[in-house]
Structure formats: structure tokens, C-alpha cells
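See below for the structure under consideration.
Just the heavy atoms: all of them, side chains too, but no hydrogens, waters or symmetry mates, feed the values below. Numbers here are sequence positions counted from 1.
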Amino acid sequence: HVQLVESGGGSVQAGGSLRLSCTASGYTVSSYCMGWFRQAQGKVREGVAAIDSDGTASYADSVKGRFTIWKDNAKNTLYLEMNSLKPEDTAMYYCAATPVAPGPACVFSRPTRFYNHWGQGTQVTVS
């Protein structure tokens, strides 16, 4: 049974930083395509970053240079380091995973239906 549990959200002032974690069970993060999505109130869930099983990452233009996605295979955990946060980054953040071979299929712009497994979300508020 695959389970994803996010943590690390919170409230921060503009310009601040947060690190989100997504701990996986039931599979190994090293073998899956994983992504971070966010959904602001009243808006569609959007992809923020993705990383494939080989460690190749991609980012939405809105977060490029500010956010970093990476995996700690030993801890079976996915991370999203968020720096220089802006009020427009305020949203519920979700991690997602799907068993896809490394390559161009695993990019941040994949729609939500591309992913098989989702976490419950963690709220990020930037003021």
C-alpha cells in the first residue's frame, strides 16, 4: 500500500524560506517519478516541480531559481526547498508519485491524472 505524508508547511513572511517533506511508504522514491503540486484557494491544482527516478528535475517558471526539489533515497523522502517566498506562493502543497521510467515523461507540467498516488497536502501561507 503506497502512502505519502507531507509535512513542513506553515506561515512565513515574504522573502522567507520553508522546506517541505514528503515521506513515502509502500515503495521506494528512487524508482518513481515524483512531483510537487500546489493549489491556491479557488484555483486549479498546478505542477510546481518534478523529479524522475534518475534525479532529473524540472520546475515551473514561477518557482525556477527559488525552489529546489530533491530526494533522499536513504530516508525514502522527497523534499521541496522554497526560498524567497512570495505571497503568490500561498497554497496547499501536495506531493505525488507514479511509477514511470526516467526520461521526458516526468516533468513538472504533467497533469494531475498522470500521478497514481497523492499525499494529503500541507498548507503554506506567505504574508
Side-chain angles (χ1 to χ4, degrees):
H1 176 65
V2 174
Q3 188 173 13
L4 302 174
V5 179
E6 299 100 333
S7 61
S11 297
V12 65
Q13 290 188 335
S17 300
L18 284 173
R19 178 182 293 180
L20 305 184
S21 301
C22 173
T23 301
S25 59
Y27 77 101
T28 55
V29 298
S30 61
S31 60
Y32 273 49
C33 169
M34 299 193 71
W36 285 99
F37 284 72
R38 66 186 181 187
Q39 187 167 17
Q41 195 166 8
K43 294 190 176 181
V44 174
R45 191 172 299 189
E46 62 175 0
V48 171
I51 186 167
D52 72 12
S53 55
D54 278 355
T56 300
S58 63
Y59 300 91
D61 286 345
S62 59
V63 306
K64 197 173 294 182
R66 300 188 297 122
F67 291 11
T68 303
I69 185 173
W70 82 96
K71 295 183 288 185
D72 185 329
N73 294 336
K75 295 183 178 179
N76 217 34
T77 300
L78 175 75
Y79 297 96
L80 185 69
E81 183 78 23
M82 306 185 295
N83 298 316
S84 302
L85 283 162
K86 305 174 181 179
E88 51 263 44
D89 294 318
T90 295
M92 185 73 79
Y93 283 71
Y94 300 88
C95 68
T98 197
V100 172
C106 182
V107 291
F108 78 93
S109 55
R110 286 293 182 178
T112 56
R113 64 180 180 273
F114 177 74
Y115 290 90
N116 291 347
H117 310 288
W118 291 85
Q120 82 289 348
T122 185
Q123 178 68 37
V124 171
T125 303
V126 185
S127 60

Drop me the distance from [X]'s [atom1] to [Y]'s [atom2], to the nearest 0.5 angstrom.
X: Ser17; Y: Leu85; atom1: OG; atom2: CG; result: 6.0 Å
X: Glu81; Y: Arg66; atom1: CD; atom2: CZ; result: 12.5 Å
X: Asn83; Y: Thr68; atom1: CG; atom2: OG1; result: 6.5 Å
X: Thr77; Y: Met34; atom1: OG1; atom2: CE; result: 8.5 Å
X: Met82; Y: Trp36; atom1: CE; atom2: CH2; result: 8.0 Å
X: Gln123; Y: Ser11; atom1: CD; atom2: OG; result: 7.5 Å

What is the minimum heavy-atom distance between [X] and [Y], and which atoms define it?
X: Arg38; Y: Ser62; result: NH2-OG, 3.5 Å
X: Ile69; Y: Ala57; result: CG2-CB, 3.6 Å
X: Cys95; Y: Leu78; result: CB-CD2, 4.1 Å
X: Pro99; Y: Asn116; result: CD-ND2, 3.4 Å
X: Gly47; Y: Ala60; result: O-CB, 3.8 Å

Salt-bridge contact Asp61-Lys64 (side-chain N to carboxylate O under 4.0 Å):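 Answer for the salt bridge query: yes.
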
Within one Ile-Leu-Val-Met-Phe-Trp-Tyr cluster: [X] and [Y], side-chain cutoff 4.5 Å:
X: Met92; Y: Phe108; value: no
X: Val12; Y: Val63; value: yes
X: Phe67; Y: Val126; value: yes

May I ask you to decide if [Y]'s main-chain N or O and [X]'s side chain share a donor-acceptor pair within less than 3.5 Å?
X: Tyr59; Y: Ala50; value: no
X: Asn76; Y: Val29; value: yes
X: Gln120; Y: Glu6; value: yes
X: Ser53; Y: Ala101; value: no
X: Thr122; Y: Gly9; value: yes

Considering only residues two or more places apart or on different chains, which pairs with a residue in residues 6-27 satisfy ring pair (Phe, Tyr, Trp, His ring centres under 6.0 Å)? Tyr27-Tyr32

Quick one, Asn73 with Thr28, criterion side chain to side chain contact (heavy atoms under 4.5 Å, CB included). Give me CA distance, side-chain angles, the key distance, then yes/no. CA-CA 7 Å; Asn73 294 336; Thr28 55; over 6 Å; no

Val124 vs Leu20, side chain to side chain contact (heavy atoms under 4.5 Å, CB included): CA-CA, chis, key distance, verdict: CA-CA 9 Å; Val124 171; Leu20 305 184; 4.0 Å; yes

Would Val107 and Phe114 count as a side chain to side chain contact (heavy atoms under 4.5 Å, CB included) if you check the C-alpha gap in whole Å, the side-chain angles of each, and the deciding distance to 0.1 Å? CA-CA 10 Å; Val107 291; Phe114 177 74; over 6 Å; no

Does any non-hydrogen side-chain atom of Tyr79 lie less than 4.5 Å from one of Lys71?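 Lys71 vs Tyr79: side chains apart.
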
Ring-ring centroid check Phe37 Tyr115, cutoff 6.0 Å: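 Yes; Tyr115 has its ring centre under 6.0 Å from that of Phe37.
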
Is it the case that more than 12 heavy atoms not belonging to Glu88 sit under 6.0 Å from its CD atom? yes

Candidate pair Trp118 and Thr112, rule side chain to side chain contact (heavy atoms under 4.5 Å, CB included), full reasoning: CA-CA 9 Å; Trp118 291 85; Thr112 56; 3.7 Å; yes

For Asp52, salt bridge (charged side-chain N to carboxylate O under 4.0 Å, His left out) partners two or more places apart: none

